[in-house]
There are 2 protein chains.
Amino acid sequence: MKKSKQKNLEKAGWRVGDAQEFLGLSDEEAALIAMKQKLIQLVREIRGDQSLTQVALAELLHSSQSRVAKLENGSSDVSLDLIVRALFAMGVSHQQVGKAISSS
Amino acid sequence: MKKSKQKNLEKAGWRVGDAQEFLGLSDEEAALIAMKQKLIQLVREIRGDQSLTQVALAELLHSSQSRVAKLENGSSDVSLDLIVRALFAMGVSHQQVGKAISSS
DNA sequence: TGCAAATATGTCAGATGTGATATATAGTTA
DNA sequence: TAACTATATATCACATCTGACATATTTGCA
């Protein structure tokens, strides 16, 4: 966003900032969300590579298709625990998980 | 596994048994537990390095001393989310977290 | 030793995460 | 077009995780 534009918006009463600021997230909350997103991306990748349906992954996970869908769409009611379990259920290694986190 | 280790795990709420029983745990459950242990170890290390008390970490985390104690003792009612938030609250980088997981 | 700080343990009500189920919405193929 | 497969969304009862608090135990030091 251009500085001039932002100035005009602020003059008009809007507060302008980034998503983190807007949502009032602390740094560690923001970091956790970024990490989750990276791992979710990995879940989608691996599931694609293995040509698994959401139903098939749900079975490996002992969960349900709807929960896998929510997981992959980053629903806020999905824990980091479940995301990581999904990865391990597909046979992803600790190394792969660690690497994904390192680059998040 | 050493008897003392097993005792500690059971004290913390985990069920630990012989090889057969252990195989009853799904692979992803076992992998997740190993990963948690590694990250818990990192929490203790970092908190030591920064000379923080459990109370001080609890404040950074917006949590309580008792929960930090349970976290560090690997209580089964502590989520991966909380462990990772504790690390980020102490300023640990994604890279450090990823590295710890890679080696778990 | 005795005191104080740090850590551990127990409990609980409320918040959040869970699998299951039903149903809706694509996308695909006959 | 209909039938089928995959994914998305909504809801719910139940389980788990949470911070808070009280209290016990351990640790370190004067």
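Note that the structure is predicted; figures quoted are calculated from it, not measured. Below, chains carry the letters A, B, ... as their sequence lines are ordered, and counting in each starts from 1.
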- Query: Can you find an N or O donor on one side and an acceptor on the other, under 3.5 Å apart, linking the side chain of S66(A) with the base of dT21(C)?
  - Reply: yes
- Message: If I take atom NZ from residue K70(B) and atom CD from residue Q65(B), how far apart are they, to the nearest 0.5 angstrom?
- Response: 9.5 Å
- Can you hop from L61(B) to L80(B) via hydrophobic side chains spaced under 4.5 Å? yes
- Task: Spell out, as yes or no, whether a donor-acceptor pair under 3.5 Å connects the side chain of Q50(A) to the backbone of M90(A).
- Result: yes
- Between D77(B) and S75(B), does any side-chain donor sit less than 3.5 Å from a side-chain acceptor? yes
- Tell me, which pairs form a ring-ring contact (aromatic ring centres under 6.0 Å, His included) where one or both residues lie in residues 69-104 of chain A, sequence neighbours left out? F88(A)-H94(A)
- Message: Give the residues of residues 34-48 of chain A touching DNA chain D, defined as any heavy atom closer than 4.0 Å, sorted by residue number.
- Response: R44(A), R47(A)
- Task: Indicate the atoms forming the closest heavy-atom contact of A89(B) with L60(B), along with that distance.
- Result: O-CD1, 3.9 Å
- Can you check whether V78(B)'s main-chain N or O pairs, donor with acceptor, with K36(B)'s side chain at less than 3.5 Å? yes
- Note on the structure: chain A vs DNA chain D, heavy-atom contacts under 4.0 Å, first-to-last nucleotide span, 5' to 3', is dA6(D) to dT11(D)
- Please tell me if the side chains of I46(B) and Q96(B) come closer than 4.5 Å, counting only heavy atoms from C-beta onward. yes
- Message: Looking at R47(A) and L57(A), would you say the former's side chain and the latter's main chain have a donor-acceptor pair under 3.5 Å?
- Response: no
- Check every strand shown and say whether S64(A) touches a base, only sugar-phosphate, or nothing at a heavy-atom separation below 4.0 Å. base
- Worked verdict on H62(B) versus E28(A) for side chain to side chain contact (heavy atoms under 4.5 Å, CB included): CA-CA 11 Å; H62(B) 308 294; E28(A) 73 267 18; 4.0 Å; yes
- Query: Hey, what do you get for CG (L87(B)) to CG (L42(B)), rounding to the nearest 0.5 Å?
  - Reply: 5.0 Å
- Task: Give, ordered by number, those residues of residues 51-61 of chain A having at least one heavy-atom distance below 4.0 Å to an atom of DNA chain C; if nothing qualifies, reply none.
- Result: none
- Message: Can you confirm whether E45(B) sits close enough to Q41(B) that some side-chain heavy atom of one is under 4.5 Å from a side-chain heavy atom of the other?
- Response: yes
- Item | Worked check of side chain to side chain contact (heavy atoms under 4.5 Å, CB included) between N73(B) and R44(B) | CA-CA 10 Å; N73(B) 284 299; R44(B) 302 191 88 120; 4.1 Å; yes
- Item | Residues E29(A) and R85(B) bridged, charged N to O under 4.0 Å | no
- I33(B) backbone acceptor or donor facing K38(B) side chain under 3.5 Å: no
- Do any of residues 70-86 of chain A sit with a heavy atom less than 4.0 Å from DNA chain D, and if so which? K70(A), N73(A)
Could you list all N or O pairs between the protein and nucleotides 23-30 of chain C that sit under 3.5 Å apart?
none

